[in-house]
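First the structure, in the form of structure tokens, and then the observations on it.
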Amino acid sequence: LMEKKTVSVVMCTYNGERFLREQMDSILAQTYPIHEIIISDDCSTDGTIDILREYAAKHTFIKIHQNARNIGFNSNFYHAFNRATGEYIAISDQDDIWFPQKIEEQVKQISTENHNLCFSESITTDTYQETQVENYKTRPFTAESLFFQSTIPGHNMLVRKVFLESIGSCHDMTFFYDWWISINAALEDSIVRCTSPLVWHRVHTHSVTSTTGLIISKARKHSPIAPYIYGLGHFLKIRKNKSWIFFYKNIYQKTSIIHHPILHQITQKLLSHNPIALIHACFLFMKYREEMYPPLSRNSKGVIFAIRSFFTPFLFFYYDRNFQERESLIQ
């Protein structure tokens with residue numbers, strides 16, 4: 001028999017006592033053997049640590065680490081990841097529920113063609129029903145569709161550790177770590193998808209997803225023509241951001257006229273400070289709108305779709321919060 005690959009589950013916690021037991025139980029109920037559970041707590045003030053210690057007392061492969069100070073979402077993940085010793089890293093939220101076969105299915109998929117990242121879909125019903133799997137959307141995962149936003153949340157991921165080490169850290173950047181992982185895996189054409197949902201993702205008022213979504217929804221209450229009027233100013237300001245430069249320069253350096261040529265051309269134009277290059281980029285967005293706009297995000301068709309796609313950089317960066325300093329990166 002072929003030796004099983006070791007899987008480290010990495011979980012970051014912060015005041016998660018309300019749902020933590022359910023998630024821990026679902027991880028311990030996996031049909032695939034878990035090598036270790038690495039938990040990094042970011043200065044919780046509720047009963048989170050007491051719950052974790054209770055589990056660690058029963059299972060020696062659960063390892064708890066407490067940060068001396070609150071370091072935020074991204075840095076906390078990298079602290080946990082750096083302590084993991086498994087060949088694969090399974091990323092866990094503190095408040096979801098995993099289906100029992102999650103890790104087994106993902107290890108099987110990622111090993112098939114030696115991929116770097118395997119992701120599953122997730123369901124978001126109000127109550128946990130493992131058999132209710134129709135309430136989910138298929139996530140696009142091409143490098144082109146990931147250019148402006150992450151569609152693969154960390155809690156859906158199983159990642160090869162050597163790949164995580166190879167792409168480096170984004171712990172001090174304003175964009176989320178899962179976007180960094182997924183875009184780099186997509187640039188290597190090394191993502192595989194499990195066709196059925198394997199996670200119940202619990203969205204509640206205190207989750208990072210909800211907090212970020214609230215900020216974006218407030219921005220979207222502006223006039224529908226505001227992005228067209230103010231979008232250019234937002235773009236010119238945001239492209240000076242260290243995180244923005246870091247993210248898109250990485251894409252430019254990892255692409256070429258042969259490998260992901262659309263992204264190579266577009267990032268070259270966006271990174272240039274020549275106004276003509278920016279206009280050229282807008283035409284490229286319009287020309288390749290089918291690739292850059294996955295079906296999930298299309299709100300219009302035909303001529304309207306073409307016009308909107310021309311203004312893509314201004315529309316996205318008008319609403320975008322990935323490259324702005326925000327409190328949601330600090331718990």
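When reading the values below, keep in mind they use all heavy atoms of this one structure, side chains included, and skip hydrogens, waters and symmetry mates. Just so we're clear, the structure is a prediction, and the values are computed from it rather than from any experiment.
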>> If we ignore hydrogens and angles and just use 3.5 Å, is the side chain of Gln109 paired with the main-chain N or O of Cys118 as donor and acceptor?
In response: no

>> As an exercise, state the distance from CZ of Phe81 to CD1 of Ile38, rounded to the nearest 0.5 Å.
In response: 12.0 Å

> Within a strict 4.5 Å, meaning less than it, do heavy atoms of the Phe163 and Ile181 side chains meet?
Replying inline: yes

> What pair of heavy atoms forms the shortest contact from Phe141 to Ser145, and how long is it?
Replying inline: N-OG, 3.7 Å

> What's the shortest heavy-atom distance between Ser309 and Arg289, and which atoms?
Replying inline: OG-CD, 3.5 Å

>> I'd like to know if the side chain of Gln94 and the backbone of Tyr14 have a donor-acceptor N/O pair within less than 3.5 Å.
In response: yes

>> Please evaluate residues Glu36 and Lys63 with respect to the criterion side chain to side chain contact (heavy atoms under 4.5 Å, CB included), reporting the C-alpha separation (whole Å), side-chain torsions for both, the decisive distance (0.1 Å), and the verdict.
In response: CA-CA 7 Å; Glu36 61 187 356; Lys63 302 165 186 177; 2.8 Å; yes

>> Quick check on Lys254: does its NZ atom have over 12 non-hydrogen neighbours (other residues, nucleotides or ligands) under 6.0 Å away?
In response: yes

> Are Thr31 and Glu104 close enough, and set up right, to give a side chain to side chain donor-acceptor pair (under 3.5 Å), and what steps lead you there?
Replying inline: CA-CA 6 Å; Thr31 57; Glu104 184 175 1; 2.5 Å; yes

> At what distance, to the nearest 0.5 angstrom, does CE of Met24 lie from CD1 of Ile97?
Replying inline: 13.5 Å

>> Can you list everything that forms a ring-ring contact (aromatic ring centres under 6.0 Å, His included) with Phe314? Sequence neighbours excluded, please.
In response: none

> Taking all non-hydrogen atoms of both residues, which atom of Ile91 and which atom of Gly154 are closest, and how far apart?
Replying inline: CB-O, 3.3 Å

> Is the shortest heavy-atom distance from the side chain of His79 to the side chain of Ile71 under 4.5 Å?
Replying inline: yes

>> Strictly distance-based, threshold 3.5 Å: is any side-chain N or O of His260 a donor or acceptor partner for the main-chain N or O of Glu188?
In response: no

>> So Met292 and Ile262, do their side chains get closer than 4.5 Å, heavy atoms only?
In response: yes

>> Main chain of Ile279, side chain of Lys269: is a donor-acceptor contact present, judged purely on distance under 3.5 Å?
In response: no

> Looking only at atom types and distance, does a side-chain atom of Ser26 sit under 3.5 Å from a main-chain N or O of Trp98, one as donor and one as acceptor?
Replying inline: yes

> CZ of Phe283: more than 12 outside heavy atoms within 6.0 angstrom?
Replying inline: no

>> I'd like to know if the side chain of Ser122 and the backbone of Val199 have a donor-acceptor N/O pair within less than 3.5 Å.
In response: no

>> Among residues at least two apart in sequence or on other chains, which ones pass salt bridge (charged side-chain N to carboxylate O under 4.0 Å, His left out) with Lys237?
In response: none

>> Give me the atom names and distance for the closest heavy-atom approach of Tyr32 to Lys4.
In response: OH-CB, 3.5 Å

> side chain to side chain contact (heavy atoms under 4.5 Å, CB included) between Asp42 and Thr13: does it pass, once the steps are laid out?
Replying inline: CA-CA 6 Å; Asp42 207 17; Thr13 58; over 6 Å; no

> When you check the side-chain N and O atoms of Asp172 and Tyr78, is any donor under 3.5 Å from an acceptor?
Replying inline: no

>> Ring of Tyr88, cation from Arg160 - is the NZ or CZ under 6.0 Å from the centre and inside 45° of the axis?
In response: no

>> What I'd like to find out is whether the side chain of Leu164 reaches to under 4.5 Å of the side chain of Val162, using heavy atoms alone.
In response: no

> In Å and rounded to the nearest 0.5 Å, what is the CZ to CD1 distance from Phe323 to Ile245?
Replying inline: 10.5 Å

> What's the verdict on side chain to side chain contact (heavy atoms under 4.5 Å, CB included) for Ile266 and Tyr248, showing C-alpha distance, side-chain angles and the deciding distance?
Replying inline: CA-CA 10 Å; Ile266 286 175; Tyr248 288 108; over 6 Å; no

>> So if I apply the side-chain hydrogen bond (donor to acceptor under 3.5 Å, both in side chains) rule between Asn250 and each of Thr255, Asn184, Thr267, which one comes out positive?
In response: Asn184

> Does a donor on one side chain and an acceptor on the other come within less than 3.5 Å for Asn67 and Asn76?
Replying inline: yes

> Using 30° and 60° as the class limits, which term best fits the ring planes of Phe176 and Phe73: parallel, tilted or perpendicular?
Replying inline: perpendicular

> Does any donor atom in the side chain of Thr48 or Asp46 lie under 3.5 Å from an acceptor atom in the other side chain?
Replying inline: yes

> Between Ser120 and Gln106, what is the shortest heavy-atom contact and its length?
Replying inline: N-NE2, 3.6 Å

> What's the shortest heavy-atom distance between Ser8 and His35, and which atoms?
Replying inline: OG-CD2, 3.9 Å

> Between the main-chain N or O of Tyr177 and the side-chain N or O of Asn74, is there a donor-acceptor pair closer than 3.5 Å?
Replying inline: yes

> Quick one: does Glu17's side chain have a donor or acceptor within less than 3.5 Å of a partner on Gly47's backbone?
Replying inline: yes

> Would Lys249 and Gln253 count as having a side-chain donor-acceptor pair, cut-off 3.5 Å?
Replying inline: no

>> Please determine whether ring pair (Phe, Tyr, Trp, His ring centres under 6.0 Å) holds for the pair His234 and Tyr318, giving the CA-CA distance in whole Å, both sets of side-chain angles, and the decisive distance to 0.1 Å.
In response: CA-CA 6 Å; His234 278 248; Tyr318 178 79; 4.7 Å; yes

> When rounded to the nearest 0.5 angstrom, what distance separates CD in Gln66 from CG in Leu52?
Replying inline: 8.5 Å

>> Side chains of Asp96 and Trp200, heavy atoms from C-beta outward: is any pair under 4.5 Å?
In response: no

>> Is the ring pair Tyr252/His264 parallel, tilted or perpendicular, if the boundaries are 30 and 60 degrees?
In response: parallel

> His155 and side chain to side chain contact (heavy atoms under 4.5 Å, CB included): which partner among Arg202, Gln23, His201, Met11?
Replying inline: His201

> To the nearest 0.5 Å, what is the distance between CD1 (Ile51) and CG (Leu20)?
Replying inline: 5.0 Å

>> When you compare the side chain of Ser92 with that of Ile27, does any pair of heavy atoms fall below 4.5 Å?
In response: yes

> In terms of the angle between their ring planes, are Phe175 and Trp179 parallel, tilted or perpendicular, with boundaries placed at 30° and 60°?
Replying inline: perpendicular

>> Between Met157 and Ser182, does the side chain to side chain contact (heavy atoms under 4.5 Å, CB included) criterion hold? Intermediate values first, please.
In response: CA-CA 9 Å; Met157 292 182 180; Ser182 56; 4.0 Å; yes

> Are any side-chain N or O atoms of Ser40 and backbone N or O atoms of Ala80, one a donor and one an acceptor, separated by less than 3.5 Å?
Replying inline: no

>> With rounding to the nearest 0.5 angstrom, report the CG to OG1 distance, Leu187 to Thr142.
In response: 10.0 Å

> Can any side-chain N or O of Ser169 pair as donor or acceptor with the backbone N or O of His171 at less than 3.5 Å?
Replying inline: yes

>> Consider ring pair (Phe, Tyr, Trp, His ring centres under 6.0 Å). Of Phe311, Phe148, Phe305, which one does Phe285 pass it with?
In response: Phe148

>> Whether Lys161 and Glu87 form a salt bridge (side-chain N of Lys/Arg under 4.0 Å from carboxylate O of Asp/Glu) is what I want to check.
In response: no

